[in-house]
Amino acid sequence: MCFAAASPYTGVTRHAKGPTSLNPARKDLGVHRKQTPGSVLAKVSNPAQLKKLPAEQVDDLAADIRDFLVEKVSRTGGHLGPNLGVVELTIALHRIFNSPKDTLVFDTGHIAYVHKILTGRQDFERLRQEGGLSGYPSQAESVHDVLENTHASAGLSWAAGIAAGHQLAGQPERCTVVVVGDGALTGGMAWEALNNIAETGQGRLIVVINDNGRSYAPTIGGLAQHLSGLRTTPRYEKVLGWGKRQLRSHGRFGRLIYGALHGLKKGVKDVVAPQAMFEDLGLKYIGAVDGHDEPAVERALAQAKAYGRPVLVHVITEKGRGYTHAEDHGPDRFHSVERIHPETGLPLLPSRFGWTSVFSDELVRLARTNPKLVGITAAMLEPVGLMPFAAEFPDRVFDVGIAEQHAAALAAGLAHAGAHPVVAVYASFLNRAFDQVLMDCALHRAGVTFVLDRAGITGTDGASHNGQWDMSLFRLVPGLRLAAPRDGERLRRQLAGAVAVDDAPTVLRYPKGPVPQEVPTIGQTHGMDVLVRHPHPTVLIVAIGAEAGTAIEAAGLLAAKGVGVEVIDPQWVYPVNPALPRLAAAFELVVTVEDGLVSGGAGEAIARAIAAEGLTLPVVNCGLPKEFFTQATRSAIARRVGLTPEAVAAKALSALPTAVYPAAS
């Protein structure tokens with residue numbers, strides 16, 4: 001079906017226009033490359049050059065781009081599989097449309113690597129690193145980039161707004177193209193936008209469905225089954241044309257039959273394939289198109305461009321296309337990889353046991369003795385650690401697709417019916433479901449546990465993936481209880497405590513990455529762990545979750561300056577332990593350390609609780625400023641915002657009364 005030809009990497013295969021799942025009978029053409037690897041890509045650094053490229057060289061360009069992606073992303077890590085799948089599609093987009101006059105919107109921006117390559121950004125040496133290219137579209141990088149938010153399903157709304165704006169500006173000739181994955185179509189926001197697009201019916205708006213049957217893992221739900229049917233159905237226009245000719249050729253009776261079927265809301269098209277769903281919405285449908293047959297994609301896009309009104313182009317692609325190690329990777333086809341060896345696809349560095357793995361193991365252990373526990377995920381069964389749970393308890397897990405709002409409301413319903421749902425999601429993605437957490441879970445005192453993976457600074461994933469918002473947001477929710485474990489053992493204990501709460505929503509948050517060594521407790525006070533206690537301490541440091549290590553190191557630096565410190569971990573952040581203000585009364589200064597926003601965060605809640613007791617001692621809140629962080633390592637961002645042991649100690653010293661620390665004056 002495929003052949004290896006002139007690739008510098010073992011495992012990189014060069015497909016010759018197929019086959020795909022759309023047309024499994026197609027045979028490899030067996031045509032070897034006419035160009036040496038890299039030679040065609042060297043000629044293309046902008047869309048104008050791409051348009052001038054002879055059609056017979058496009059396949060070699062696609063092969064060069066795949067070689068480039070494997071070589072570069074294996075060195076830096078990144079979204080390899082999704083980009084290998086959209087090479088021909090992206091080439092065709094830039095050959096048919098005129099970016100930036102025509103606007104290209106990528107609903108989930110992790111598929112924009114090929115777009116970057118074709119718009120003059122081929123320096124991938126520092127991809128997703130500080131000072132290098134973002135892993136997503138970035139308006140600061142290029143006029144060709146628009147949507148930076150990478151939370152799926154929003155792109156259609158953006159595209160609808162841009163197309164309407166072009167109309168209002170008297171620029172009806174400008175096209176707006178949005179590329180949306182089939183996984184993103186499981187999100188309700190996408191359908192709200194499609195409904196509005198169909199209702200207005202205005203503007204040169206082209207919706208391209210990049211249908212690879214996956215978001216992270218295989219796409220689920222009724223829509224997935226609908227699109228799956230289309231993948232194996234021949235292009236229905238030919239069948240409809242044949243039916244029209246045959247029926248009309250049989251005289252008046254045949255014409256009557258054709259007219260009746262054609263007039264039914266679900267007529268001839270549904271007999272051939274179920275894509276009438278889109279046309280019933282009022283959207284012209286083109287497809288399904290083999291996404292790796294670049295000329296076919298160009299023809300479909302050109303047809304859509306000429307139509308002049310909203311139209312949907314359905315393109316079938318293969319995630320991980322052309323790289324055997326990705327194609328053979330069952331869980332997610334190398335959706336996102338760390339640094340790997342390009343010839344083997346294996347990680348260069350062994351992965352350390354992470355927070356997600358601890359949660360995953362403990363949830364399964366708890367579920368074995370608690371039949372009420374059920375798991376809920378929003379299309380991320382493996383990334384959030386629910387795969388082992390699903391393997392052992394397949395009837396107790398719900399994958400709702402990319403639909404966080406539905407996940408939270410579903411959890412409320414399950415809780416009402418007697419279950420205890422555990423909703424596992426990335427911290428930044430639960431922002432979408434705030435109303436459901438507030439009104440469906442908290443208002444109804446539903447026993448639902450939300451487990452927030454990648455809370456705090458995530459670093460290289462960029463602004464839209466940092467999970468610094470949750471403690472400020474959920475502080476507003478009446479009755480909600482939030483825990484932040486400092487190590488793996490505390491995660492296990494706090495998860496057990498959270499799922500035991502049946503009259504309020506609970507939240508458990510932890511960061512991305514490996515679990516630190518266990519931080520032992522030297523004592524307890526009113527349910528709070530004491531981690532450090534110097535003789536005659538004058539400073540109380542309240543360490544929130546994974547920032548315990550930062551707090552302990554800061555305490556050591558203060559001790560070296562002659563300042564005694566006590567460090568505590570409250571374990572449960574919300575509600576603030578009523579004993580904490582009484583404990584604070586014995587100190588001259590309180591310092592809080594968290595990896596969430598200072599504004600409205602845990603530290604401010606503690607300061608308010610202390611003030612409510614009539615205490616006037618100073619409180620220094622160390623955390624994250626209210627801003628978006630560009631990609632960088634977690635440590636680099638922490639240094640920039642002053643969330644390091646040295647910075648915390650310096651802030652404490654400057655805030656101490658001079659009677660306690662004369663050098664502060």
Side-chain angles (χ1 to χ4, degrees), residues 38-55 57-73 76 78-80 82-129 131-150 155 158-159 162 166 174-181 204 206 208 210 291 294 297-298 301-302 305 313 315 317 321 462-464 630-631:
S39 62
V40 180
L41 180 56
K43 303 174 185 177
V44 178
S45 61
N46 59 61
Q49 293 173 338
L50 176 61
K51 288 181 182 353
K52 295 177 182 177
L53 190 71
Q57 293 187 24
V58 168
D59 285 345
D60 284 337
L61 174 63
D64 284 351
I65 290 173
R66 287 194 169 90
D67 284 348
F68 179 95
L69 288 170
V70 172
E71 176 191 358
K72 301 299 183 181
V73 179
T76 62
H79 290 93
L80 180 56
N83 284 281
L84 290 171
V86 297
V87 174
E88 289 85 0
L89 171 58
T90 311
I91 291 171
L93 285 169
H94 279 288
R95 283 172 69 86
I96 295 299
F97 298 98
N98 299 307
S99 177
K101 180 181 179 181
D102 294 331
T103 306
L104 302 185
V105 177
F106 294 92
D107 177 71
T108 43
H110 62 252
I111 64 167
Y113 292 9
V114 183
H115 166 73
K116 288 176 185 268
I117 292 169
L118 297 175
T119 53
R121 289 167 284 173
Q122 297 183 11
D123 183 1
F124 272 50
E125 298 305 318
R126 302 179 67 188
L127 177 69
R128 300 169 71 242
Q129 298 173 22
L133 289 178
S134 168
Y136 303 98
S138 169
Q139 293 184 16
E141 283 181 11
S142 173
V143 295
H144 296 280
D145 290 2
V146 178
L147 177 57
E148 299 182 14
N149 170 25
T150 59
W158 267 76
I162 292 168
H166 290 163
R174 296 182 68 180
C175 294
T176 304
V177 185
V178 54
V179 181
V180 57
R204 300 167 71 89
I206 296 94
V208 178
N210 171 39
E294 198 276 340
V297 179
E298 281 197 34
L301 293 176
K305 181 178 181 180
V313 180
V315 179
T317 63
R321 173 81 171 187
S464 64
T630 55
Q631 77 273 4

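Keep in mind that what you see is a predicted model, and the values were worked out from it rather than measured. Note: hydrogens, waters and symmetry copies are ignored here, and every other heavy atom, side chains too, is used.
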Return the [atom1] to [atom2] distance between [X] and [Y], rounded to the nearest 0.5 Å.
X: L147; Y: T103; atom1: CG; atom2: OG1; result: 11.5 Å
X: R174; Y: N98; atom1: CZ; atom2: CG; result: 11.0 Å
X: L104; Y: I206; atom1: CG; atom2: CD1; result: 9.5 Å
X: I162; Y: C175; atom1: CD1; atom2: SG; result: 12.5 Å
X: L133; Y: T76; atom1: CG; atom2: OG1; result: 10.0 Å

Spell out, as yes or no, whether a donor-acceptor pair under 3.5 Å connects the side chain of D60 to the backbone of V40.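 No: the side chain of D60 does not pair with the backbone of V40.
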When you measure from the side chain of Q139 to the backbone of V146, do you find a donor-acceptor pair of N or O atoms at a distance under 3.5 Å?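 Indeed, once roles are kept as given, a pair shorter than 3.5 Å links the two residues.
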Minimum heavy-atom separation for [X] to [Y], with atom names?
X: E148; Y: A140; answer: OE2-N, 4.3 Å
X: Y136; Y: H79; answer: OH-CE1, 3.3 Å
X: L84; Y: R66; answer: O-NH2, 2.9 Å

Only pairs at least two apart or in different chains count here, so list each salt bridge (Lys or Arg N to Asp or Glu O under 4.0 Å) that has a residue in residues 97-111.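 Applying salt bridge (Lys or Arg N to Asp or Glu O under 4.0 Å) to every pair that reaches into residues 97-111, excluding sequence neighbours, yields nothing.
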Run through V297, V114, I111 and flag the one making a side-chain contact (heavy atoms from CB on, under 4.5 Å) with L89.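 Only one of V297, V114, I111 forms a side-chain contact (heavy atoms from CB on, under 4.5 Å) with L89, namely V297.
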Determine whether [X] and [Y] make a side-chain contact, defined as any pair of heavy atoms from C-beta on separated by less than 4.5 Å.
X: Q631; Y: Q129; result: no
X: I96; Y: K305; result: yes
X: V87; Y: R321; result: no
X: K116; Y: D145; result: yes
X: N210; Y: V315; result: no
X: Q57; Y: L61; result: no
X: L93; Y: L301; result: yes

Partners meeting side-chain contact (heavy atoms from CB on, under 4.5 Å) with [X] (sequence neighbours left out):
X: N46; result: A48, Q49
X: T119; result: P47, H94, H115, R121, H144
X: I117; result: L41, I65, F68, L69, Q122, F124

With sequence neighbours left out, write down each residue that passes salt bridge (charged side-chain N to carboxylate O under 4.0 Å, His left out) with E298, or none if nothing qualifies.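 E298 satisfies salt bridge (charged side-chain N to carboxylate O under 4.0 Å, His left out) with R95 once adjacent residues are dropped.
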Could you pull out all residues at least two apart from R128 that satisfy salt bridge (charged side-chain N to carboxylate O under 4.0 Å, His left out)?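 Counting only residues at least two positions away or on another chain, R128 forms a salt bridge (charged side-chain N to carboxylate O under 4.0 Å, His left out) with D461.
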Working note: N83 + T90, criterion side-chain contact (heavy atoms from CB on, under 4.5 Å); need CA distance, chi angles, decisive distance, verdict. CA-CA 9 Å; N83 284 281; T90 311; over 6 Å; no
